[in-house]
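Worksheet for the structure shown next.
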Amino acid sequence: MSNTHISEIKFQIELDENKVPEKLLWSAEDGGVTAEEAKAIMLSIWDSNHKESMRIDLWTKDMPVDEMKIFFHQTLVAMSETFKRATNDEKMADTMMDFCDYFAEKLELKK
């Protein structure tokens with residue numbers, strides 16, 4: 001008999017009267033995170049039955065555009081790294097990282 005453990009990650013979204021996010025909080029007990037504030041969340045979920053991804057993209061009204069650009073860049077880099085680990089396709093992962101460098105250069109994110 002195997003011992004399983006259930007781990008939860010929770011998101012709380014405080015909306016204004018127009019249902020626009022004003023505050024995002026997340027908790028992950030196993031990671032020691034309780035009601036930490038965030039300005040943006042990007043979540044992708046793979047639906048194996050329909051062979052498609054579902055997405056939740058939220059950001060608060062006061063998320064600065066310059067921080068959103070950095071957030072996107074870091075997310076693209078992380079996706080490239082995850083792609084490499086998940087597929088062992090180094091050539092495509094390197095191509096993706098080249099795009100990340102291009103993205104950062106065009107947005108003047110790299111110093």
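Keep in mind that this is a model prediction, so the values were computed, not measured.
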Under the side-chain contact (heavy atoms from CB on, under 4.5 Å) test, residues paired with Ala28 that sit two or more places apart:
Ile9, Trp26, Val33
Here the pair of heavy atoms bringing Ile13 nearest to Pro21 is CG2-CB, 4.1 Å
For Phe11 and Ile41 the tightest heavy-atom approach is CD2-CD1, 3.3 Å
Could you state whether Trp59 and Leu109 fall into the same hydrophobic cluster, counting links through intermediate Ile, Leu, Val, Met, Phe, Trp or Tyr residues with side-chain heavy atoms under 4.5 angstrom apart?
yes
With rounding to the nearest 0.5 angstrom, report the CG to CZ distance, Leu76 to Phe72.
7.5 Å
Other members of the hydrophobic cluster containing Met96, with the 4.5 Å side-chain heavy-atom rule, please.
Phe83, Met92
For Ser53, all residues meeting side-chain contact (heavy atoms from CB on, under 4.5 Å), sequence neighbours excluded
Trp46
Neighbour count above 12 (heavy atom, 6.0 Å) for Glu36 CD:
yes
I'd like to know if the side chain of Asp47 reaches the main chain of Asn49, judged simply by a donor and an acceptor atom lying under 3.5 Å from each other, with no hydrogens or angles considered.
yes
A quick test of your reading: do over 12 heavy atoms of other residues, nucleotides or ligands sit less than 6.0 Å from CD of Glu8?
no
If every non-hydrogen atom of Ala93 is compared with every non-hydrogen atom of Ser80, which pair is closest and at what distance?
CB-O, 4.0 Å
Which atoms form the tightest heavy-atom contact between Ala35 and Leu25, and what is the distance?
O-CD2, 3.8 Å
Grouping ILVMFWY residues whenever side-chain heavy atoms fall under 4.5 Å, the cluster of Val77 otherwise contains Met97
Taking all heavy atoms of Asp57 and all of Leu43, pick out the closest pair and write down the distance.
OD1-N, 4.3 Å
Determine whether Ile56 and Met68 fall in the same hydrophobic cluster, where Ile, Leu, Val, Met, Phe, Trp and Tyr are linked whenever their side-chain heavy atoms lie under 4.5 Å apart.
no
Please report the interatomic distance CG(Asp30) to CD1(Ile6), rounded to the nearest 0.5 Å.
11.0 Å
Tell me the salt bridge (charged side-chain N to carboxylate O under 4.0 Å, His left out) pairs involving residues 58-86, sequence neighbours left out?
Asp16-Lys61, Glu22-Lys61, Lys39-Asp62
Polar side-chain atom of His73 near backbone of Cys100 as donor-acceptor pair, under 3.5 Å
yes
Salt bridge (charged side-chain N to carboxylate O under 4.0 Å, His left out): which pairs involve residues 89-103, sequence neighbours left out?
Asp101-Lys110
Same apolar cluster: Met42 and Met79, side chain cutoff 4.5 Å
no
